[in-house]
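The structure appears right after this line, and notes come after that.
The structure presented is a predicted model; accordingly, all values stated were derived computationally and were not measured. Proteins get letters first, then strands, A, B, ... in listed order; numbering begins at 1 in each.
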Number of protein chains: 2
Amino acid sequence: MAYGNALAVLADPTRRTVFERLRAGPRPVNAIAAGLPVSRPAVSQHLKVLKEAGLVEERSEGVRRIYSLRREGLRELREWLDGFWDVALEAFRLEAEKSHMSGSGVDE
Amino acid sequence: MAYGNALAVLADPTRRTVFERLRAGPRPVNAIAAGLPVSRPAVSQHLKVLKEAGLVEERSEGVRRIYSLRREGLRELREWLDGFWDVALEAFRLEAEKSHMSGSGVDE
DNA sequence: CTCGTTGGTAAGTTATAGCTTACCGTTAGC
DNA sequence: GCTAACGGTAAGCTATAACTTACCAACGAG
């Protein structure tokens, strides 16, 4: 259920902004924090959370810490989301439902 | 930025469980709340939040309130996620980056 | 009409997530 | 060696999200 983790981590707007900034490429913390409405330590904390969730990775370059995106960390979330449109799976669910219920309609 | 809203709403595990239960089809509140580790009013509150986020819809059937999934409510979130894998868009971003920076690598 | 069922809302409590400031370790330059 | 930039961590504050119980309105059945 790692998708739940990714969901929780990306729910915060500030943290999501941090994450999105890395779409443009790897960046040191200073560059990520520049212009954000929160302090630099706050950004550090967000980066830590993102890293623990596997959504970013970090490498040292001298005194800099360069953070970059880990798309892999989004995979489970994406698959979970995709599942809501999966026709075959949906058909299966409807079938199972028919056995249990008196049968109503289905949404949409 | 409705995807941010969907993210925030689905971040809570209990609320996500409520949401996922509706995958199997429309349900009255009682059925949704059955077996959950929280009280029935808590489920009502979650349903309200889900409804306001456009993730579920509600219709009355006698004394019952039947809730059902609104996949449309997930669309923006899905598109946002898909964007992370969009090759063309990524190429554009890299191009833009080249103009601003001294040029480092790109992740992965 | 009365009573049971369904479920929404109000009020209050509590845990915690996100922020701040202060501080410290590390590396680079002079 | 000394000093300045980078950035991680600690401690503490505060707003709020999720929950509870209590209550009430709406409809159905007898």
Worksheet item: Between D/dC6, C/dG8, D/dC19, which one does the side chain of B/Y67 approach most closely?
Response: C/dG8
Worksheet entry | Partner set under ring-ring contact (aromatic ring centres under 6.0 Å, His included) for B/F19, not counting sequence neighbours | A/F84
Item to complete: Round to a whole Å and report the spacing from CD1 of A/I32 to P of D/dG8.
Response: 9 Å
Discussion item. Under 4.0 Å, heavy atom to any atom of DNA chain C: which of residues 10-17 of chain A qualify?
Written reply: A/D12, A/T14, A/R15
Worksheet item: By side chain to side chain donor-acceptor pair (under 3.5 Å), which residues pair with A/R64, not counting sequence neighbours?
Response: none
Response to the item:
Nearest heavy-atom approach of A/R40 to A/A33 is CG-CB, 4.0 Å
Discussion item. Salt bridge or not between A/R59 and A/E57? Use side-chain N to carboxylate O under 4.0 Å.
Written reply: no
Worksheet, complete the sentence: A/K48 atom NZ is separated from C/dG18 atom C1', nearest whole Å, by 14 Å
Worksheet item: Within the distance-only criterion (no hydrogens, no angle test), does the side chain of B/R16 pair as donor or acceptor with the backbone N or O of B/A11 below 3.5 angstrom?
Response: yes
Item to complete: Quick one: which residue pairs count as a salt bridge (Lys or Arg N to Asp or Glu O under 4.0 Å) with a foot in residues 45-55 of chain A, not counting sequence neighbours?
Response: A/K51-A/E58
Worksheet item: Looking only at heavy atoms, what is the nearest atom pair of B/Y3 and A/E20, with distance?
Response: OH-OE2, 2.8 Å
Worksheet, complete the sentence: Tightest non-hydrogen contact, residues A/V29 and A/S44, listed as CG1-OG, 4.3 Å
Fill in: Nearest-angstrom distance from the residue atom CZ of B/R65 to P of C/dG8
5 Å
Discussion item. Using the salt bridge (Lys or Arg N to Asp or Glu O under 4.0 Å) criterion, which residues pair with A/R15? Sequence neighbours excluded.
Written reply: none
Response to the item:
Taking C/dG7, D/dA18, D/dG8 as options, the one with an atom nearest any side-chain atom of B/H46 is D/dA18
Item to complete: Round to a whole Å and report the spacing from CG of A/L47 to P of D/dC6.
Response: 16 Å
Fill in: Summary of protein contacts for nucleotides 20-29 of chain D, nucleotide by nucleotide, where a base hit scores B, a sugar-phosphate-only hit scores S (4.0 Å, heavy atoms)
BBB---B---
Worksheet item: Do any side-chain nitrogens or oxygens of A/N30 fall under 4.0 Å of OP1 or OP2 in D/dG7?
Response: yes
Item to complete: Check the distance between C/dG7's P and B/I66's CD1 and give it to me in whole angstrom.
Response: 7 Å
Practice prompt. Nearest whole angstrom, please: distance from the P of C/dT6 to the CZ of B/R59.
Written response: 17 Å
Response to the item:
Between CD of B/E58 and P of C/dT6 the distance, given in whole Å, is 16 Å
